[in-house]
*Asks:* 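If you scroll down you'll find the structure; I have some questions about it.
Chain A is the first sequence line, chain B the second, and so forth, proteins listed ahead of strands; every chain is numbered from 1.
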Protein chains: 2
Amino acid sequence: MQDNINKLFKAIADPTRREIFHALVLATSALSITQISNQFDMSRQGVTKHIKILNDAGLVQMQEEGRNRFCYADPKPLKEVNKWMQFYSQFWDDSLDKLGGYLDSK
Amino acid sequence: MQDNINKLFKAIADPTRREIFHALVLATSALSITQISNQFDMSRQGVTKHIKILNDAGLVQMQEEGRNRFCYADPKPLKEVNKWMQFYSQFWDDSLDKLGGYLDSK
DNA sequence: TTAATACGCAACTATATGGTTGCTAAATTA
DNA sequence: TAATTTAGCAACCATATAGTTGCGTATTAA
């Protein structure tokens, strides 16, 4: 649904969330909530909230194991953002002539 | 500066803002604030706020002309978002094996 | 069995966000 | 000159967001 793309954009809009996501992408293994909060100078609960938002956006997956919840990044949903942007890429070089168009028609 | 990318992500995080931006990209001429608010069922002030944020992000440029302020889209800053995403594109297909990595090392 | 660890849930705080209305000022039209 | 149009600014409101602390619970280790 169209709602997913909103969650995606929201998820990556926050710099802390982008950092967490980045750390998870670079990590060689899945990381627990506590492990993440240790390297982020933030309370465990703060991390939990961010992880929940990233998870809702599909950017982070989780696997419970005993008392641990191991998180790992899943960059696939970013394909959607990429698709959104591709439309505008055709205007990257030839933009800024809209005003001219207006002025000409005056 | 690193602050610009934050403004960019913030700007495109809001669905209304993406719609306004899209309308400006498709427009054949620059549009005044009033013209935009007419096709968006939102108060002029609401549009003004969104335009300000888009302008701060560099996605919308403006040209004052008398009592009018003509707005036009500038998609160039999106290149930055594209650059951010390109790093993760290499993981789009071969992700989801982090947990396995963890389990193996147990 | 007791102690420690990892975590979720709830409550709370401060600030940001998306939106509105009302007023004022400048530019244009009649 | 008087009326209309375009827009900025300020105040306001409701809700969302980013973060915290405290507490209870399940799992693991001693």
*Asks:* Taking salt bridge (charged side-chain N to carboxylate O under 4.0 Å, His left out) as the test, write out the residues that go with B:Glu80, two or more places apart.
*Replies:* B:Lys83

*Asks:* Starting at atom CG of B:Leu31, determine the distance to atom P of D:dT6, rounded to an integer number of angstrom.
*Replies:* 13 Å

*Asks:* Rounded to whole angstroms, how far apart are CD on B:Glu19 and P on C:dG18?
*Replies:* 14 Å

*Asks:* How many whole angstroms separate atom CD1 of A:Ile36 from atom C1' of C:dT5?
*Replies:* 17 Å

*Asks:* Which pairs, with at least one residue in residues 26-39 of chain B and sequence neighbours excluded, count as a salt bridge (Lys or Arg N to Asp or Glu O under 4.0 Å)?
*Replies:*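 Qualifying pairs, neighbours excluded: none.
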
*Asks:* In whole Å, I'd like the distance from the CG atom of B:Asp56 to the P atom of C:dT17.
*Replies:* 11 Å

*Asks:* Looking at A:Lys52 and A:Asp56, does any basic side-chain N land under 4.0 Å from a carboxylate oxygen?
*Replies:* yes

*Asks:* Please give, in whole Å, the distance from C:dC7 P to A:Lys52 NZ?
*Replies:* 16 Å

*Asks:* Residues two or more places apart in sequence or in another chain: which of them pass side chain to side chain contact (heavy atoms under 4.5 Å, CB included) with A:Ile53?
*Replies:* A:Ala11, A:Arg17

*Asks:* Expressed as a whole number of angstroms, how long is the span from A:Ile33:CD1 to C:dT5:P?
*Replies:* 18 Å

*Asks:* For D:dT5, does OP1 or OP2 lie under 4.0 Å from any side-chain N or O of B:Thr34?
*Replies:*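 Indeed not, no polar side-chain atom of B:Thr34 lies that close.
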
*Asks:* Just how far, in rounded Å, is P of C:dT17 from NZ of B:Lys7?
*Replies:*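 So the NZ-P distance, B:Lys7 to C:dT17, works out to 11 Å.
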
*Asks:* State which residues pass ring pair (Phe, Tyr, Trp, His ring centres under 6.0 Å) with B:Phe9; sequence neighbours excluded, sorted by chain then number.
*Replies:* B:Trp84

*Asks:* What string of B, S and - do you get for nucleotides 18-30 of chain D 5' to 3' if you count protein non-hydrogen atoms under 4.0 Å?
*Replies:* SBBBB----BS--

*Asks:* Using salt bridge (charged side-chain N to carboxylate O under 4.0 Å, His left out) as the criterion, list what pairs up with B:Lys49, not counting sequence neighbours.
*Replies:* none

*Asks:* Please give, in whole Å, the distance from C:dT17 C1' to A:Phe9 CZ?
*Replies:* 18 Å

